[in-house]
Number of protein chains: 2
Amino acid sequence: MATDNVGLSLKLFVVLTRALQSIKKRIEEDIKKQGINLTEFAVLELLFHKGDQPIQKIGSKVLLSSSSISYVVDRLVQKEMIRRRPCPDDRRITFATLTEKGHTFMADYFPKHEQAIHSILSGLDDKEKAQVIEQIKTLGFHAEGTSADK
Amino acid sequence: MATDNVGLSLKLFVVLTRALQSIKKRIEEDIKKQGINLTEFAVLELLFHKGDQPIQKIGSKVLLSSSSISYVVDRLVQKEMIRRRPCPDDRRITFATLTEKGHTFMADYFPKHEQAIHSILSGLDDKEKAQVIEQIKTLGFHAEGTSADK
DNA sequence: TTCCTTTATCTCGAATTCGAGATAATTATA
DNA sequence: TATAATTATCTCGAATTCGAGATAAAGGAA
């Protein structure tokens with residue numbers, strides 16, 4: 001068959017892993033200067049762009065387990081970037097809400113962050129990026145579907 | 001300019017992160033059944049294909065810090081997959097060496113692992129994979145180069 | 001209403017990785 | 001050769017994430 005190069009798949013996996021490690025490292029370097037990490041930033045970004053969120057929703061959006069979210073939210077509360085707001089309708093739910101400080105920070109820093117990523121990823125032009133996005137999405141969806149095959 | 005879509009870069013980063021997370025999760029699931037994790041497997045694979053390695057070399061190959069390598073090697077020694085062998089020429093150096101058990105395991109399991117990855121990544125055909133590999137490499141090299149720009 | 005199931009959040013302990021610094025051995029320099 | 005710099009490995013403590021299980025609140029069924 002034409003599609004049977006097993007070694008090529010392994011290579012793709014290795015290349016992806018290494019590239020993303022380099023990319024993440026650069027992005028994290030940039031963000032760490034602000035005293036927060038990538039996960040915390042992802043949570044702030046979600047709240048900044050989508051408004052207040054139940055804690056459990058945050059977890060599913062940024063792909064973290066419930067226990068990890070509790071921890072991340074704690075840290076952001078300590079840093080006074082967000083606060084916990086009980087839901088009046090359902091007492092099981094707690095919303096995470098940006099504080100004034102958190103909002104100000106994001107309004108100032110998000111554009112810089114986006115620009116930094118843009119600079120780090122400038123190895124490809126827009127057309128190539130769009131292409132890679134499609135291909136990687138395909139790969140991701142397929143991998144997601146490839147669950148425990150009995 | 002044509003290449004100025006900042007949001008596209010952010011999207012590429014998010015897509016890459018999520019896809020790789022899915023892919024890694026699947027691969028790890030497969031390996032965990034063997035009682036080892038991805039990092040440990042990477043070390044075993046290096047020794048299996050490249051022969052005995054000084055511990056510090058392993059770190060640079062699998063992209064782990066020196067302290068992490070010590071830990072991973074410890075675990076593999078505990079599992080009797082490898083052993084530490086002092087270098088006679090340079091007493092600072094310790095080689096990691098596959099044990100009989102480790103070698104047998106890899107001879108049996110590596111092809112299965114490779115096949116599993118192949119299956120997980122079968123969302124793209126060979127030609128597309130080769131293309132993605134090149135583009136991701138470009139991205140990675142560029143990101144690597146984009147160090148602390150003063 | 002009472003009981004069972006589901007949902008949301010949190011606590012706890014384990015796993016994994018890192019960075020800083022310690023130790024020991026080697027190499028280069030004065 | 002004595003001293004300084006480099007290299008290899010390890011120890012320690014911190015950071016981050018997870019899974020299992022606890023708790024509390026809602027919702028649904030009998």
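Naming convention: chains lettered A, B, ... in sequence-line order (proteins, then strands); numbering from 1 in each chain. When reading the values below, keep in mind they use all heavy atoms of this one structure, side chains included, and skip hydrogens, waters and symmetry mates. What you see is a predicted model, and the numbers here were worked out from it, not measured in a lab.
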Below 4.0 angstrom from OP1 or OP2 of dT16(C), is there any side-chain N or O of T39(B)? no
Could you give the CG-to-C1' distance, from D89(A) to dT7(C), as a whole number of Å? 15 Å
Note: contacts of residues 54-67 of chain B with DNA chain C (heavy atom, under 4.0 Å) are L63(B), L64(B), S65(B), S67(B)
Look at all strands and tell whether T94(A) reaches a base, only sugar-phosphate, or nothing, counting heavy atoms closer than 4.0 Å. sugar-phosphate
In whole angstroms, how far is the C1' atom of dT16(C) from the CD atom of Q78(B)? 14 Å
Flag the pair D125(A) and K127(A) as a salt bridge only when some basic side-chain nitrogen lies within less than 4.0 angstrom of an acidic carboxylate oxygen. no
With sequence neighbours left out, what residues match S65(A) under side chain to side chain donor-acceptor pair (under 3.5 Å)? S67(A), S68(A)
Let me spell it out: for each of I69(B) and I69(A), pick the nucleotide of DNA chain D with the closest heavy atom. Which residue's pick is nearer the 5' end? I69(B)
Would you say R75(B) places a side-chain N or O within less than 4.0 Å of OP1 or OP2 belonging to dT16(C)? yes
Do Q34(B) and H113(B) touch side chain to side chain, with heavy atoms closer than 4.5 Å? no
Length of the line joining R85(A):CZ and dT9(C):C1', which is rounded to integer Å: 16 Å
Between CZ of R84(A) and C1' of dT9(C) the distance, given in whole Å, is 9 Å
Short side-chain N/O contact from N37(A) to OP1 or OP2 of dT16(D), under 4.0 Å: yes
To the nearest Å, how far apart are D74(B) CG and dC12(D) P? 12 Å
Checking dT11(D), dA25(D), dA8(D) against the side chain of D90(A) (C-beta onward), the nearest is dA25(D)
Report the C-alpha separation of R75(A) and I36(A) in whole Å, then their side-chain angles, then the decisive distance to 0.1 Å, and conclude whether the side-chain contact (heavy atoms from CB on, under 4.5 Å) test is met. CA-CA 9 Å; R75(A) 275 184 329 215; I36(A) 60 178; over 6 Å; no
Given S22(B) and E144(A), is the side-chain hydrogen bond (donor to acceptor under 3.5 Å, both in side chains) satisfied, shown in steps? CA-CA 6 Å; S22(B) 296; E144(A) 198 62 52; 2.5 Å; yes
Nearest-neighbour nucleotide for the Y71(A) side chain, dT11(C), dA8(C), dA15(D) considered: dA15(D)
Close side-chain approach of D52(B) to L47(B), heavy-atom, < 4.5 Å: no
Within this structure, what is the NZ-to-C1' distance between K32(A) and dG19(C), rounded to whole angstrom? 11 Å
Using salt bridge (Lys or Arg N to Asp or Glu O under 4.0 Å), reason through R26(A) and E29(A) one step at a time and then give a plain yes or no. CA-CA 5 Å; R26(A) 293 282 172 246; E29(A) 260 172 26; 3.0 Å; yes
What pairs of nitrogen or oxygen atoms, one from the protein and one from nucleotides 3-6 of chain C, lie under 3.5 Å apart?
none

Length of the CD-P vector between E28(B) and dG19(D), whole Å: 11 Å
Are any non-hydrogen side-chain atoms of L98(B) and M81(B) less than 4.5 angstrom apart? no
Would you call the rings of F105(A) and Y109(A) parallel, tilted or perpendicular, taking 30° and 60° as the class edges? parallel
Look at S70(B) and dC10(D) and indicate whether a side-chain polar atom (N or O) is within less than 4.0 Å of OP1 or OP2. yes
Can you tell me the distance, in whole Å, between the CG atom of L38(A) and the P atom of dA15(D)? 17 Å
Which sits closer to the 5' end of DNA chain C, V73(A) or Q21(A), going by the nucleotide each is nearest to? V73(A)
Are S9(A) and K129(B) packed together at the side-chain level, in the sense that at least one heavy-atom pair is separated by less than 4.5 angstrom? yes
